[in-house]
Each structure stands twice: as structure tokens, then as C-alpha cells.
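Beneath this line is the structure, given in C-alpha cells, with notes to follow.
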Amino acid sequence: MRKNIVAGNWKMNLNLDQGIQLFNEIQGLLKVELSGEQEVIVCPPSIHLSSLAKSLDGSSKLSIGAQNCHHADSGAYTGEISASMIASSGAEYVIIGHSERRLYFSESNELLAQKLNTVLKNGLSPIFCIGETLEQRNGGTYFDVIKEQISEASFHLDGANYSKLILAYEPVWAIGTGLTASPEQAQEIHLFIRTLLAEKYGQTLADNLTILYGGSCNPKNAAELFAQADIDGGLIGGASLKARDFVDIIKALN
């Protein structure tokens, strides 16, 4: 059975004290209010990783993830953070290929393939993002875009390693714009992704892999999105910066 997961991506927000305060608020609410089998991942800026990992009390299904890592194990890459550094902090997950990394840092599918390799080699689980722009959506090429992103960056992996991935479909046109893919639009892409996985790795792996939706998900639309057959949770941006909103989204995943 695939896991139901909600992951919060804090992006470049909150100083250390603010991050610890928010994390403690989230953890406190989850202890009181979460009764289901949902798993929760918080992905803060890298300076928070160690502090938040040490704050875990083990009473809720809460884990820590990083927002990115370098593709090399170590070296003269000023300002970068390696997968081994992330693992040593106590984090367990790494977001790879977020649309903002693809857009602002020109990350290619080839580079993302290297990053996936590095993350897996260091015992971490990748949250691998794919998604189309508004131009690609309106031009009707979004299926081709999704297929290319997945196949070029991740289909070199064998089934054993692929089963360690979490995929996140993020329609780029719905991130930070206030727009949201309809539940039917999101389900269409999630089913398409699962079909691609079945063709490559077999139906069992495809059925068991978690695929998240990321694109202006909030407490008001979360339940309708999560009710779709192939949507297993969400990768949450802005709403993850408010403890009450984030926990309400998690509770919508039943």
C-alpha cells in the first residue's frame, strides 16, 4: 500500500528562531489532533535541519527533509550542501527538481538524474518534482513535458531504487498564482504518471508509489484534491508556513 503524505516546503522563509517556533506549533497540534495514518514531512531552509531534527519527540509521524542538495559528494562548490551533510543533520528526505530550481537555477533533467543518484546513495528519500508551465498547459504539450521530465531524469533507476522515490506533480502555473488545478485536472496527470510507471516498472510498483499534488493547495480545497484516486497527499508551499492551515490540510488526508 502506498503512503499518504503531506510535505511542507518552507522555501526561503523564517529565521532560525521563527522556524523552531513554527515547527513546535505544528508538532504540538499534530500530537493532539492527528489520528490517522498520514505521514508529515517538513522541509525548511538548510540552517534549520539539525535543530528541527533534534526537536522531534517521536510522538507523531513527522520527519525532516531538505529543499535541495548538490549532485557531488563534496568539493569546491561554495554555498552548496551535499546529501551526506543533509543525512548527518537527521533529515530523511530531499526535494529534487522543484519548479523554482528548474526555472531560477536552470536545472536540467540530466543534472536532476545525478542528484537522484546522490540522494539515494546517501540513504535519503527523494521527493522528485515534475510539472508543466502555463504555456505548456495551454499549448496541449503537458503530457509530453511530464513524460520527458520523468523519463530523462529518473528512468535510469532500477525498480528497487525507484520504489524509494516520492513523486510530486506541481503544475507550475498554479504555484504562487492563486490558481489551482481542478481535482479532475490533477487526477488526470496523476493517473498518467502512474500509467508511465506501470509501463516501465510494472503495475505493482506503480500502485505502491506515492504521488503528491503541489500547486496552491490549501485547507479549503485539500479534501477534494486528496479524494482523487491517484492523489496520495500534497507538497504544500505557502500554507505550510501557518501551523493551523498546514495541520488542517494534513487532517484532510483521510
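When a residue number appears, it is its place in the shown sequence, counting from 1.
Side-chain heavy atoms closer than 4.5 Å link hydrophobic residues (I, L, V, M, F, W, Y) into clusters, and following such links, possibly through other members, connects Phe155 to Ile96. Clustering ILVMFWY residues whenever any of their side-chain heavy atoms sit less than 4.5 angstrom apart, transitively, puts Leu235 in a cluster other than the one holding Ile250. No continuous path of hydrophobic side-chain contacts links Leu165 to Leu191 [ILVMFWY only; heavy atoms under 4.5 Å]. Side-chain heavy atoms closer than 4.5 Å link hydrophobic residues (I, L, V, M, F, W, Y) into clusters, and following such links, possibly through other members, connects Ile86 to Leu116.
Side chains of His190 and Gln228: a donor-acceptor N/O pair is absent below 3.5 angstrom, by distance only. Asp230 and Gln187 are linked by a side-chain donor-acceptor pair at a separation below 3.5 angstrom, with hydrogens and angles left out of the test. There is no side-chain donor-acceptor pair under 3.5 Å between Tyr142 and Glu135. When only modelled atom types and interatomic distance are considered, Ser63 and Tyr93 share no side-chain donor-acceptor pair under 3.5 Å. Inspection of the His71 and Asn117 side chains reveals no N or O donor paired with an N or O acceptor under 3.5 Å.
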Take Gln136 and Thr133 through the test side chain to side chain contact (heavy atoms under 4.5 Å, CB included) and record every step on the way to the result. CA-CA 5 Å; Gln136 291 161 341; Thr133 65; 3.3 Å; yes
Should Asp57 and Lys31 be marked as a side chain to side chain contact (heavy atoms under 4.5 Å, CB included) after you check the CA-CA gap, both sets of side-chain angles, and the distance that decides it? CA-CA 10 Å; Asp57 64 11; Lys31 285 195 293 185; 3.2 Å; yes
Cys217 and Leu225: CA distance, side-chain angles, deciding distance, side chain to side chain contact (heavy atoms under 4.5 Å, CB included) verdict: CA-CA 8 Å; Cys217 185; Leu225 286 163; 4.1 Å; yes
What verdict does the salt bridge (charged side-chain N to carboxylate O under 4.0 Å, His left out) test give for Arg194 and Asp232, after you've listed the backbone C-alpha separation in whole Å, the side-chain angles of each residue and the deciding distance to 0.1 Å? CA-CA 12 Å; Arg194 213 174 291 283; Asp232 306 314; 2.9 Å; yes
May I have the step-by-step check of side chain to side chain contact (heavy atoms under 4.5 Å, CB included) for Ser240 and Val42, ending in yes or no? CA-CA 8 Å; Ser240 71; Val42 171; over 6 Å; no
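Under the 4.0 Å criterion applied to side-chain N and carboxylate O atoms, Glu37 and Lys3 are not assigned as salt-bridge partners. The pair Glu25-Arg244 does not meet the salt-bridge criterion, since no charged nitrogen lies less than 4.0 angstrom from a carboxylate oxygen. The pair Arg101-Glu107 meets the salt-bridge criterion, with a side-chain N (NZ, NE, NH1 or NH2) lying under 4.0 Å from an Asp/Glu carboxylate O.
Residues Tyr213 and Phe226 keep their aromatic ring centres 6.0 Å or farther apart.
Within a 6.0 Å radius of NZ in Lys61, more than 12 heavy atoms belonging to other residues, nucleotides or ligands are found. Other residues, nucleotides and ligands place no more than 12 heavy atoms under 6.0 Å from the CD atom of Glu224. Remark: Glu184 CD is packed, more than 12 non-hydrogen atoms of other residues, nucleotides or ligands lying under 6.0 Å away. More than 12 heavy atoms of other residues, nucleotides or ligands shown are found within 6.0 angstrom of CD on Gln18.
Pairing each heavy atom of Gln27 with each of Leu56, the nearest pair is OE1-CA, 3.5 Å.
Ring planes of Phe192 and Phe143: tilted class, angle from 30 to 60°.
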